[in-house]
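Each chain gets a letter, A, B and so on, in the order its sequence line appears, and its residues count up from 1. FYI, side chains are in, hydrogens and waters are out, and symmetry mates aren't considered; it's all heavy atoms of this structure.
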2 protein chains.
Amino acid sequence: MPRPSLAVMTAVTRETSLGIRQVSEETGLSIDTLRWYEREGLLPLVERSTDGRRRYPPGALRFIRLVQALRRTGMPVADVRAFIEAGGGELANHAGRLALLERQCAAIEQRLAELRDDLAVVQAKIGSYHHLIAHGLNCEDDVPEDVLDQLRDDGLLAGLLPPAPA
Amino acid sequence: MPRPSLAVMTAVTRETSLGIRQVSEETGLSIDTLRWYEREGLLPLVERSTDGRRRYPPGALRFIRLVQALRRTGMPVADVRAFIEAGGGELANHAGRLALLERQCAAIEQRLAELRDDLAVVQAKIGSYHHLIAHGLNCEDDVPEDVLDQLRDDGLLAGLLPPAPA
DNA sequence: CCTTGCGCTGGAGTGCACTCCAGCTCCTAG
DNA sequence: CTAGGAGCTGGAGTGCACTCCAGCGCAAGG
């Protein structure tokens, strides 16, 4: 049981709060990353126990998951910080934060669409390999020219062989 | 019309082939990136015109789009190279390439799921802001304690305010 | 002829997001 | 008391994927 001594913990941190290791395991972020995020201002509110160790209240966990969602969906660290700090200018209020989130939302949807397209490309390629293998082709095989031409017409050979000779 | 002189082009490259600039514009990859990919072995078959400039046959375009799909879906450059070269060992044949693509396919689907989850997290947060604003809250407002408690119970305040005082 | 523009090469430089490390404190177990 | 283990700090280091650059050649326009 590596649980920290309850004796040294303040009322606030008693029982409910998590150590950095737990948070790391819960979120999948490395301990170093958690500390680095904090230094960089992505995780502003980390309390400490009396011996100086970080204690994360359960709410922090939810907050970290939001940060994680933003990061994983491609928002640069600087923008996440801007969102968190929301210190002045456009982001001084909830409406500003809301706008930022909505922009990110749109970006995510775009990314989803792109990812689906890319998936389709890869799947098409997989289909082309199945096609080739179904024809009994493998790298070293000699292929009859007519079969080859047919495949070429299907656009199945792109990148597999040099283009049709001129 | 910055079209290269047809006089110097070989039979193979006549008319149909593209210059690096066109390819860049078609694919969205920068010219530098195209050259770098080639050096790194992600684009093996680039022909040259008589004056040494790259000429991309139309098939290359399709090929580049596959590479792009793999990269954008998170496959490291080294793995793309492994796929392209398919020089020996596991990847010496179509079945090997197929396996690699299918692994990537699974990875993409996982990424899609993750992205959808992250989208949900962001949308939930957006919802919470709407909720807050619907209650007429903004940063500097003084909020009656009972409203605050209710919101807190809803889990809407994570990251917006310090956690409930002990 | 000269200039302008595109492309070429090899190599150096950049930006981002971590990741690692030395040297320290504190706590607990033996 | 001692040793071991977790966490702390500030700062340096790393890996990846480009991105930029100097110095060059070729070709078309004026």
Side-chain angles (χ1 to χ4, degrees), chain A residues 1-10 13-14 17-43 46-56 60 64 67-84 118, chain B residues 1-10 13 17-43 46-56 60 64 67-84:
Chain A
M1 252 197 269
R3 188 157 301 151
S5 149
L6 290 180
V8 301
M9 297 173 61
T10 68
T13 59
R14 193 187 311 287
S17 73
L18 298 165
I20 197 166
R21 179 163 302 270
Q22 274 93 54
V23 173
S24 166
E25 278 158 11
E26 287 286 325
T27 61
L29 294 172
S30 78
I31 290 176
D32 268 322
T33 298
L34 283 168
R35 287 197 281 242
W36 183 75
Y37 276 9
E38 192 182 336
R39 272 191 244 176
E40 294 296 304
L42 310 205
L43 303 177
V46 187
E47 328 245 311
R48 302 303 179 102
S49 69
T50 53
D51 64 345
R53 299 182 177 200
R54 271 163 263 254
R55 306 280 11 175
Y56 296 81
I64 291 170
V67 170
Q68 238 181 328
L70 295 175
R71 285 290 303 116
R72 280 200 300 234
T73 58
M75 184 183 283
V77 164
D79 291 13
V80 178
R81 183 174 29 239
F83 171 78
I84 290 348
D118 292 338
Chain B
M1 250 197 269
R3 189 155 304 150
S5 148
L6 290 180
V8 301
M9 297 175 61
T10 68
T13 59
S17 72
L18 299 165
I20 197 167
R21 179 165 301 271
Q22 274 92 55
V23 174
S24 165
E25 278 158 12
E26 287 286 325
T27 60
L29 293 172
S30 78
I31 290 176
D32 268 324
T33 299
L34 284 167
R35 287 197 280 242
W36 183 74
Y37 276 10
E38 191 182 336
R39 273 190 243 175
E40 294 295 305
L42 310 204
L43 303 177
V46 186
E47 327 247 310
R48 302 302 180 102
S49 69
T50 52
D51 65 345
R53 299 183 176 200
R54 272 161 263 252
R55 307 277 13 175
Y56 297 80
I64 291 170
V67 170
Q68 239 181 327
L70 294 175
R71 286 289 304 116
R72 279 200 300 235
T73 57
M75 185 184 280
V77 164
D79 291 13
V80 179
R81 183 174 28 239
F83 171 77
I84 290 349

| remark: Taken to the nearest 0.5 Å, the spacing of Leu43(A) CG from Tyr56(A) OH works out to 6.5 Å
| request: First locate atom CZ of Arg21(B), then atom CG of Leu34(B), and finally report the distance between them rounded to the nearest 0.5 Å. | output: 11.5 Å
| remark: To the nearest angstrom, the CG-C1' distance between Leu34(A) and dA6(D) comes to 15 Å
| Pair of N/O donor and acceptor under 3.5 Å linking dA6(D) base with Arg53(A) side chain | yes
| Reading 5' to 3' through nucleotides 11-22 of chain C, protein heavy-atom contacts under 4.0 Å coded B for base, S for sugar-phosphate only, - for none | B-----SBBB--
| message | To the nearest 10°, give me the bend of the helix from dC1(C)-dG30(D) to dG30(C)-dC1(D), comparing the axes of its five terminal pairs at either end. | response | 10°
| message | Would you compute the distance between atom CD of Glu38(A) and atom CZ of Arg54(A) and round it to the nearest 0.5 angstrom? | response | 4.5 Å
| request: Compute whether any side-chain donor of one residue and acceptor of the other, for Ser30(B) and Asp32(B), lie under 3.5 angstrom apart. | output: no
| Interatomic distance, Gln68(B) atom CD to Leu42(B) atom CG [nearest 0.5 angstrom] | 11.5 Å
| What's the CD1-C1' distance between Ile20(A) and dG5(D), to the nearest Å? | 15 Å
| note | Whole-Å distance, Glu47(A) CD to dG7(D) C1', equals 17 Å
| request: Give a yes/no on whether any side-chain N or O of Arg21(B) is located under 4.0 angstrom from OP1 or OP2 of dC8(C). | output: no
| field | Phosphate OP1/OP2 of dC8(D): any Arg54(A) side-chain N/O under 4.0 Å | value | yes
| said: Determine whether a donor-acceptor pair (N or O, by modelled atom type, separation under 3.5 Å) exists between the side chain of Ser24(B) and the backbone of Ile20(B). | reply: no
| Taking every non-hydrogen atom, the tightest pair across Ile64(B) and Leu29(B) | CG2-CD1, 3.7 Å
| Least distance between heavy atoms, Pro76(A) atom then Arg71(A) atom | CA-NH1, 4.1 Å
| query | To the nearest angstrom, how far is Arg48(B) atom CZ from dG25(D) atom P? | reply | 17 Å
| field | Pair Arg81(A) + Glu40(A), salt bridge at N-O below 4.0 Å | value | yes
| What integer distance in Å separates Asp51(A):CG from dC24(C):C1'? | 14 Å
